[in-house]
Amino acid sequence: MGAGLGQRGAREAVWTSVKAGLGATAVALLLGTLVAFAVQRYRFFGRDAVSLLVVLPIALPGIVTGIAMDTAFRSVIEPLGMGKGLLSVIVGHATFCVVVVYNNVLARLRRLGGNLEEASADLGADTFQTFRNVTFPLLRSALFAGGLLAFALSFDEIIVTTFTAGPGVQTLPIWIFNNLFRPNQAPVINVVAAVLIVLSIVPIYLAQRISDTAAGGRL
Amino acid sequence: MTAPSTLDRLSSWLHRHSGVRLAGLLSAPLLWLFVAYLGSLAVLFVSALWTVNSFTGDLVREPTFANFRTILTEEVYRTVTLRSLGVAAAVTVIDVLIALPMAFFMAKVASPRGRRLLVIAILTPLWASYLVKAYAWRVMLANGGPVDWLFGGAGNGPGYGLTATVLVLSYLWLPYMILPIYAGLERLPDSLLEASADLGGRGGRTFRSVVLPMIVPSVIAGSIFTFSLSLGDYITVQIVGGKTQLIGNLVYANIGAANNLPFSAALATIPVLIMVIYLVAVRRSGALEEL
């Protein structure tokens, strides 16, 4: 562990991955919850199209998302004076992470129905109080499960990252991939791989703890 | 009695205007998805019509169908497209065949404790790094490695190549197939199975006539994952595929070494087209709700 995570490259890469994962998860939590509420609570024109649009980034291969964003960056954003960096990785990851939060929140909202919120309104609570005291506590574990999955997807992502990372931005999967075929790095890779597998127990344990009925949430 | 605060007024105003509430909910996500995602896809399609000057390497921003003409006329692209489709289809079929009995056992046969352990067993590889798993298979499939030994000696196993690619991709995406099917089966009431048995349906008949029709959307949902993930993969192929090339490799090679972004963009429209056709075809089955 000392040799693996002690290596500057690997340690920096872990840090970059954590930052990208947290950023993408935060965006996905916000956007995914908003869409889930809109789709579940309202009937509007284009509702099916909206839910298809949310699903699309995960239904189309990652390389498509990656190269599309790369092309957009090269031909539209860069001429405007903004290069690729960590932010572009977060944008790429958040786009396909929205769907996992959306799915978890949508499933929870369907199960809850609207009775409790109506009761809260009948008892005189306003929209914000109802959300803070009734809806949000009921959604918390779904948000946690969705957020956890979003973070895991982002932390392990390599294809979209390859295309959206700026020069010098190296996430852990990119670092592993770059070192995978270097014989003298093999021991370090093995250590990092072993540590990653052991660490993966943490999110699984958490996911099991928070959702005993849903058996670890959904994809 | 105090005057209603701004927040109170905002709250009741929002309560009366459901259109405003809906707009408030949708504007940020739609802006994001339209600008960051559909906008990028639009740029991708436009740039697929550009070319690169073969002398200077500069982008020529004049729309032509030259890239698509090359893709349609040159044998190699048709071969690679068909091979990628074949790999994606094979992976999907293998995963369905493994996932159906597995998910059925988890949802209907196993004890609550066993079910929990099995769910953990299936989720664990999902959290482990993709690269680490592919790398582990590289070691397994190496000449004289464990897989060769299983087949009776060095050189007898599949080695690196197309078979290894299908094998490893099937392994990697299996949880994405099991979990939707498991979720679908969990919702299927046991009473339906009992009713079928009471009416004289044996195991096979019950499965064909009762279980299968009910979980088709879940199977399709899983297949969207396995199909799309296989179709876009270029990393597993590099690790265990030997010299095998899939669409992903061509896209990657053209953007990297060849520095021909427009041609990569044109190649990337192939998986988009395949997936959009697939999504449109399965839309009515309700599979998208199961994702």
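Naming convention: chains lettered A, B, ... in sequence-line order (proteins, then strands); numbering from 1 in each chain.
For chain B, the nearby parts of A:Val54 are the backbone and the side chain; heavy atoms of each come within less than 4.5 Å. Of the atoms belonging to A:Ile189, it is side-chain heavy atoms, and not backbone ones, that fall under 4.5 Å from chain B. Contact annotation for A:Phe155: neither backbone nor side-chain heavy atoms come within less than 4.5 Å of a heavy atom of chain B. If you measure heavy-atom distances from A:Leu30 to chain B, you find no contacts under 4.5 Å at all. Contacts of A:Val91 with chain B are made by both backbone and side-chain atoms, with heavy-atom separations under 4.5 Å. If you measure heavy-atom distances from B:Leu267 to chain A, you find no contacts under 4.5 Å at all. Contact annotation for A:Tyr42: only side-chain heavy atoms (C-beta onward) come within less than 4.5 Å of a heavy atom of chain B. In this structure, chain A has no heavy atom under 4.5 Å from any part of B:Arg115. Heavy atoms of B:Trp50 lying under 4.5 Å from chain A belong exclusively to its side chain.
Contact count versus chain B (heavy atoms, under 4.5 Å) is highest, among A:Ala194, A:Gly92, A:Ala193, for A:Ala193. Contact count versus chain A (heavy atoms, under 4.5 Å) is highest, among B:Ala42, B:Ser228, B:Gly232, B:Ala36, for B:Ser228. Comparing B:Thr269, B:Val46, B:Ile120, B:Leu229 by heavy-atom pairs within less than 4.5 Å of chain A, the highest count is held by B:Ile120. Comparing A:Ile159, A:Thr162, A:Leu196 by how many heavy-atom pairs each has under 4.5 Å with chain B, the most go to A:Ile159. For the set A:Val50, A:Leu56, A:Val98, the entry with the most heavy-atom pairs within less than 4.5 Å of chain B is A:Leu56. Ranked by heavy-atom pairs shorter than 4.5 Å toward chain B, the options A:Ala94, A:Ser51, A:Ser75, A:Gly66 are led by A:Ser75. Comparing A:Ile176, A:Leu153, A:Leu148 by heavy-atom pairs within less than 4.5 Å of chain B, the highest count is held by A:Leu148. Contacts with chain A were tallied for B:Ala268, B:Ser129, B:Ala28; B:Ser129 has the most, counting heavy-atom pairs under 4.5 Å. Ranked by heavy-atom pairs under 4.5 Å with chain B, the list A:Ile77, A:Leu31, A:Thr127 is led by A:Leu31. For chain A, the option among B:Gly39, B:Ser18, B:Ala136, B:Ser40 with the highest count of heavy-atom pairs below 4.5 Å is B:Ser40. Of the listed residues (B:Leu261, B:Leu231, B:Leu41), the greatest number of heavy-atom pairs within a distance under 4.5 Å of chain A belongs to B:Leu261. Put simply, of B:Ile235, B:Ile247, B:Leu38, B:Val251, the one with the most heavy-atom pairs under 4.5 Å next to chain A is B:Ile235.
Closest of all the heavy-atom pairs between B:Ile178 and B:Ala99 is CG1-CB, 3.6 Å. Residues B:Asp95 and B:Met177 share a closest heavy-atom pair of O-CG, 3.8 Å.
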A:Thr171 and A:Glu157: side chain to side chain contact (heavy atoms under 4.5 Å, CB included), yes or no, with the steps? CA-CA 9 Å; A:Thr171 61; A:Glu157 219 300 321; over 6 Å; no
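Side-chain atoms of B:Lys108 come within 3.5 Å of backbone atoms of B:Leu185 as a donor-acceptor pair (strictly under, hydrogens ignored). A donor-acceptor pair is defined here as one N or O able to donate and one able to accept, closer than 3.5 Å; no such pair exists between the side chain of A:Asp70 and the backbone of A:Thr164. The backbone N or O of A:Ala152 lies less than 3.5 Å from no partner atom in the side chain of A:Asp156, so there is not a single donor-acceptor pair. Between the side chain of A:Glu117 and the backbone N or O of A:Ser120 there is no donor-acceptor pair closer than 3.5 Å. Side chain of A:Gln129 to main chain of A:Asp126: a donor-acceptor pair is present (N/O by atom type, distance under 3.5 Å, no hydrogens or angles). A donor-acceptor contact shorter than 3.5 Å is absent between the side chain of B:Gln245 and the backbone of B:Asn249. At distances below 3.5 Å, not a single donor-acceptor pair connects side-chain atoms of A:Lys84 with backbone N or O atoms of A:Val89.
The aromatic rings of B:Tyr130 and B:Trp173 sit parallel, their planes meeting at an angle under 30°, below the 60° perpendicular limit. Relative orientation of the B:Tyr278 and B:Phe227 rings is parallel, given thresholds of 30° and 60° on the angle between their planes.
Relative to the six-membered ring of B:Tyr160, B:Arg138 meets both conditions, a distance below 6.0 Å and an angle of at most 45° to the axis.
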